[in-house]
Amino acid sequence: MKKSMVIGANGQIGTDLVSGLAQRFGAENVIATDIREGNHGDVQFESLDILDNETLEILIKKHNVGTVYLLAALLSATAEQKPMAAWKLNMDGLFNVLELAKAGTIEKIFWPSSIAVFGPTTPRDNTPQTTVMEPSTVYGISKLAGERWCEYYHNKYGIDVRSIRYPGLISYKAEPGGGTTDYAVDIYYKALQDGKYECYLEGDTYLPMMYMEDAIKATIDLMHVDEEKIKIRSSYNLAGISFSPVEISEEIKKYIPDFSISYTPDFRQVIANSWPKSINESQACKDWGWENSYDLESMTKAMFAGLEEKLSITK
Ligand code: NAD
Ligand code: AKB
């Protein structure tokens with residue numbers, strides 16, 4: 001059996017994806033890599049800068065890797081601070097992997113896109129799979145370009161590349177790395193630690209979000225459905241759950257009645273205003289049977305259970 005390699009394994013998604021893949025296919029069939037040192041228990045870890053394509057090729061051959069999950073990227077808020085570095089990492093990293101697939105060294109690629117591919121001219125409610133896409137952020141431009149290249153490599157060279165436009169992801173194991181949707185994770189930490197939260201978005205800012213367990217399930221499901229079922233080679237819309245800071249704070253108050261939230265919008269408000277409020281995921285449901293499990297209520301329950309255990313361990 002060929003192995004799966006996760007690149008950017010120490011990040012918010014990678015931490016859960018590595019353990020999800022190890023649970024499903026065995027730790028011996030997964031290789032975790034990142035530019036930062038990491039520890040993924042029984043899963044073997046290798047240091048890798050995705051921009052170093054020679055080492056990438058060496059490690060893929062050394063470990064008999066068939067499938068690559070490419071997660072290394074700069075996210076929306078960080079990318080606005082470092083536009084050129086974001087463009088280089090987000091695009092060159094993808095090309096390095098696509099080119100190795102073209103050369104026959106890699107069999108299958110997962111590359112994540114984002115709701116950031118949409119922009120201010122996109123219909124914001126129930127955003128369709130195919131619609132106007134004029135992203136106004138560096139990150140969104142890089143994700144839209146990445147989607148076009150994935151589809152191109154599939155059409156031109158037959159590369160089996162699959163992708164999801166993740167909504168903002170909510171998890172407790174690893175902290176998020178510089179996105180606009182990060183508030184919806186930070187708020188749970190601050191609720192438990194301080195009983196209050198200062199939000200960098202306005203209270204009525206609706207964004208699509210998803211609990212990490214659903215995102216990992218979607219990713220592994222998509223990567224294991226029969227190839228003929230995959231009709232979209234740019235990236236699939238997934239809806240997740242749409243809520244606002246006011247709504248998440250009301251849910252938190254069910255656990256912490258004195259919890260308070262204040263609003264001090266910053267540059268991330270402009271980014272959030274350019275993204276959809278809700279997403280239409282009917283294509284993913286039709287093509288590969290996608291179904292979301294968590295709603296705001298069950299996600300909040302899971303976040304508090306996970307964080308209480310995590311914070312009491314690290315206190
Ligand atoms: P993250 O920032 O938490 O993790 C990225 C990881 O990549 C980090 O561990 C970092 O050390 C590593 N990395 C950075 N530069 C690298 C390099 N040159 N070589 C190798 N590794 C490097 O990001 P994440 O939230 O886990 O996101 C993973 C992917 O999913 C990204 O492509 C992101 O755009 C996409 N995505 C994430 C979300 C979300 O809400 N988390 C939503 C939509 C899309
Ligand atoms: C971000 O906010 O940048 C990410 C994303 C939605 O792509 N969480």
Side-chain angles (χ1 to χ4, degrees), residues 5-18 31-40 45-53 55-56 59 68-82 85-94 96-97 109-118 127 135 137-147 150 163-171 173-186 200-201 205 207-212 214-216 218-219 235-238 240 242 267-272 274-276 279:
M5 175 182 280
V6 179
I7 299 172
N10 296 352
Q12 190 195 6
I13 301 176
T15 300
D16 280 279
L17 181 61
V18 167
I31 305 292
T33 70
D34 201 285
I35 198 167
R36 297 179 286 139
E37 269 312 308
N39 181 343
H40 293 265
F45 178 83
E46 296 267 17
S47 285
L48 172 66
D49 177 351
I50 185 57
L51 299 178
D52 173 0
N53 56 2
T55 307
L56 172 67
L59 290 179
V68 167
Y69 294 81
L70 172 56
L71 304 181
L74 289 191
L75 277 73
S76 58
T78 314
E80 289 306 299
Q81 314 302 325
K82 300 178 188 171
W87 182 256
K88 186 165 179 52
L89 175 61
N90 297 5
M91 298 315 303
D92 289 359
L94 176 58
N96 286 348
V97 173
I109 300 168
F110 177 78
W111 175 82
S113 186
S114 162
I115 54 164
V117 290
F118 301 115
T127 301
T137 61
V138 175
Y139 176 66
I141 296 168
S142 76
K143 288 295 181 188
L144 181 55
E147 284 192 9
C150 287
S163 177
I164 287 170
R165 291 172 182 153
Y166 290 131
L169 299 181
I170 316 294
S171 66
K173 286 189 191 150
E175 287 176 42
T180 300
T181 58
D182 294 7
Y183 92 84
V185 177
D186 299 342
Y200 55 78
L201 298 181
T205 310
L207 286 170
M209 305 278 186
M210 179 178 271
Y211 189 52
M212 188 62 85
D214 277 330
I216 299 303
T219 306
S235 192
Y236 276 100
N237 273 10
L238 288 193
S242 286
F267 72 100
R268 288 168 283 193
Q269 183 68 49
V270 180
I271 299 177
S274 76
W275 289 354
I279 300 279

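Remember, it's 1-based here, ligands and their atoms both numbered in the order they're listed. Atom set for the values below is all heavy atoms of this structure, side chains included, hydrogens, waters and symmetry mates excluded.
- Protein heavy atom at the shortest distance from atom 20 (C) of ligand 1 is L48 O, 3.2 Å.
- Residue contacts with ligand 1, taken as heavy atom pairs separated by less than 4.0 Å, involve K143 solely via side-chain atoms from C-beta onward.
- Remark: ligand 1 and Y166 share no N or O pair separated by less than 3.5 Å (distance only, no angle test).
- Nearest protein heavy-atom contact of atom 16 (C) of ligand 1 is I35 CG2, 3.6 Å.
- What sits closest to atom 36 (N) of ligand 1 on the protein, heavy atoms only, is Y139 OH, 3.6 Å.
- At the shortest separation from atom 3 (O) of ligand 2 among protein heavy atoms lies S76 OG, 2.5 Å.
- Of the protein's heavy atoms, L89 CD2, 3.7 Å lies nearest to atom 15 (N) of ligand 1.
- Residue A72 places no N or O, backbone or side chain, under 3.5 Å from any N or O of ligand 1.
- For ligand 2, the polar-atom distance check finds no N/O of W275 at less than 3.5 Å from any of the ligand's N/O atoms.
- Numbered from 1 in the order shown, with element, the atoms of ligand 2 that lie under 4.0 Å from a heavy atom of L75 read 3 (O), 4 (C).
- For the residue pair Q269 and T205, a side-chain donor N or O sits within less than 3.5 Å of a side-chain acceptor on the partner.
- By the 4.0 Å heavy-atom criterion, P167 is counted among the residues contacting ligand 1.
- The shortest N or O to N or O distance between S114 and ligand 2 is below 3.5 Å.
- Annotation: Y139 places an N or O atom under 3.5 Å from an N or O atom of ligand 2; distance criterion only.
- N96 places a side-chain N or O within donor-acceptor distance of the main-chain N or O of I50, the cut-off being under 3.5 Å.
- Nearest protein heavy-atom contact of atom 44 (C) of ligand 1 is S113 O, 3.2 Å.
- For atom 27 (O) of ligand 1, the closest non-hydrogen atom of the protein is I13 CD1, 3.7 Å.
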